[in-house]
Amino acid sequence: MESTATLNRSKSDALYETAKTYFPGGVNSPVRAFKSVDGSPIFMHKGDGCHVWDEDGNKYIDFCCSWGPLILGHNHPKVYEKVVAALQNGSSFGTPTVLENELAELILSRNPFIDKIRFTSSGTEAVMSALRLARGFTGKKKVLKFEGCYHGHVDSMLVKAGSGLVTFGTSTSAGVPEEYAAETLVVPLNDLDALKACFEEYSHELACAIIEPIPANNGLLLQETSFLQELRELCTANGVLLFFDEVISGFRVGFNGASELLGITPDIITYGKIIGGGLPVGAYGARAEIMACVSPDGPVYQAGTLSGNPVAMAAGVAQLTECAKPGFYEDQLERTTYFVDRVNNHAKEKGYDFELVTVGSIFWLSFDGKKRIRKADQIDPKMDGFRKLFNELISRGVYIGPSGYEVGFISQAHTKEHLDTAAKAMCEALDAVFG
Ligand SMILES: *Cc1c(COP(=O)(O)O)cnc(C)c1O
């Protein structure tokens with residue numbers, strides 16, 4: 001079926017023209033610029049439940065969910081009320097507030113992996129601080145990362161592999177000196193040989209191995225659990241800290257994230273996104289012995305003017321209180337499976353080279369059919385299929401992140417009725433792309 005609906009996006013287009021005079025690329029974070037889907041960004045005006053409305057009044061079912069934080073959907077009444085109540089007492093004090101204790105208690109009383117936590121204002125900041133902590137605790141300099149994992153825009157994480165099995169990183173951003181990049185070792189995901197080779201040669205220099213246990217920022221590269229278990233064992237045997245970056249998977253695939261889902265205990269964990277209920281919060285945590293190194297208890301310095309901000313803490317408390325209710329994640333999984341099965345059955349019946357890859361309430365649009373992709377370099381970089389599908393979805397009132405490397409998120413507000421509508425639109429869009 002051909003798409004006939006063309007949306008009026010004149011206000012968004014005009015706002016974008018103005019924004020380009022203010023911001024590099026017209027945006028305050030690059031993926032928002034629609035570079036990879038040909039077109040100009042849609043300026044959103046409001047959100048409610050699973051829907052968003054743009055400045056031209058077009059309504060969409062939203063699977064971007066602010067790139068993950070909004071697991072309850074937009075404008076959830078409990079989050080709204082708690083945020084407003086906090087705001088009425090003032091927006092920031094630069095002193096401790098009871099809301100920090102409340103959020104910490106909610107998390108730590110349920111989390112078997114960390115004894116103490118420190119709140120920051122973003123995921124990037126949490127990763128940056130936790131890397132410093134890993135180095136401070138171990139007294140070692142190098143860190144190991146995996147090709148295709150994203151850890152925010154931290155200097156030492158903006159690196160890619162050179163050529164060879166185990167390589168020193170080369171910088172992927174101007175402004176990151178090669179000397180910094182060289183302190184990061186890079187190996188492919190799900191590759192045991194490369195991992196073992198790296199540990200054999202460099203473990204005495206390695207402070208930590210940082211990984212997204214469920215890599216979801218460059219496609220959804222589900223790892224074999226045995227690979228992650230092996231990584232755990234290698235770290236333990238060699239005095240290297242295992243660092244799970246759970247900024248996307250934390251509170252998403254289960255309250256205690258991928259660590260709980262996979263049954264693997266890391267040494268350091270970072271959180272972000274969902275933890276702040278839609279406001280800017282990140283966090284890092286570890287067992288007491290490691291956290292004792294953080295200032296003011298210990299010598300690893302880290303601070304933040306707005307860290308633990310009461311309004312942001314309030315949003316986090318309200319959201320995580322809902323997430324902690326019995327059955328929350330089972331229900332998320334049930335509705336996600338309902339949606340994913342519908343789309344995948346259609347693609348299979350029609351013989352399309354397409355699959356929604358899924359875990360928890362995350363899905364990724366894979367144009368490599370049933371091939372199980374576990375490494376970054378297995379993704380076809382052309383993205384022609386994605387570009388077409390994205391625009392077909394927009395014209396049918398379904399909003400997803402404007403990049404084929406990004407995943408989609410299902411919130412508590414996506415009911416089966418909404419998911420029926422979205423699955424129908426997705427199937428029609430696939431027919432338009434592959435037909
Ligand atoms: C989003 C993300 C980050 C960066 O968090 P920001 O809040 O955008 O700085 C880091 N690591 C992972 C795994 C993420 O998904």
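We count residues from 1, following the sequence as given. When a ligand or atom number is given, it counts from 1 through the structure's own listing order.
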Side chain, backbone, both or neither: [X] near ligand 1, heavy atoms under 4.0 Å:
{"X": "Glu125", "answer": "neither"}
{"X": "Asn217", "answer": "side chain"}
{"X": "His151", "answer": "backbone"}

Pair Asp380 + Lys382: basic N to acidic O under 4.0 Å: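 Judged by the 4.0 Å cut-off on N to carboxylate O distance, Asp380 and Lys382 do form a salt bridge.
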Closest protein heavy atom to [atom], given as residue, atom name and distance to 0.1 Å:
{"atom": "atom 3 (C) of ligand 1", "answer": "Val247 CG1, 3.7 Å"}
{"atom": "atom 8 (O) of ligand 1", "answer": "Thr124 OG1, 4.4 Å"}
{"atom": "atom 11 (N) of ligand 1", "answer": "Asp245 OD2, 2.7 Å"}
{"atom": "atom 14 (C) of ligand 1", "answer": "Lys273 NZ, 2.9 Å"}

Atoms of ligand 1 close to Ser122 [distance to a heavy atom under 4.0 angstrom, numbered from 1]: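 With Ser122 as reference, the close atoms of ligand 1 come out as 7 (O), 9 (O).
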Test of proximity, Glu212 against ligand 1: N or O pairs below 3.5 Å: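 No, there is no polar N/O contact under 3.5 Å.
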Heteroatom distance test (Val127, ligand 1): nitrogen or oxygen, under 3.5 angstrom: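 No: no nitrogen or oxygen of Val127 is under 3.5 Å from one in ligand 1.
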Within the 6.0 Å centroid threshold, strictly below: Phe363 and Phe63: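 When the ring centroids of Phe363 and Phe63 are compared, they turn out to be within the sub-6.0 Å range.
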For [X] and [Y], which I'm curious about, is there any donor-acceptor pair between the side chains at under 3.5 Å?
{"X": "Asp368", "Y": "Gln378", "answer": "no"}
{"X": "Arg118", "Y": "Gln302", "answer": "yes"}
{"X": "Arg252", "Y": "Ser361", "answer": "yes"}

Qualifying residues under side-chain hydrogen bond (donor to acceptor under 3.5 Å, both in side chains), relative to Tyr60, sequence neighbours excluded: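 Tyr60 satisfies side-chain hydrogen bond (donor to acceptor under 3.5 Å, both in side chains) with Asp54 once adjacent residues are dropped.
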ring-ring contact (aromatic ring centres under 6.0 Å, His included) partner of His51, chosen from His418, His414, His74: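 It is His418; the other options fail the test.
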Nearest candidate to atom 7 (O) of ligand 1, where distance is taken over non-hydrogen atoms, out of Gly68, Gly123, Pro69: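 Comparing heavy atoms across Gly68, Gly123, Pro69, the nearest one to atom 7 (O) of ligand 1 lies in Gly123.
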Pairwise distance CZ(Phe328) to CD(Glu330) - rounded to 0.5 angstrom: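 So the gap between those two atoms works out to 10.5 Å.
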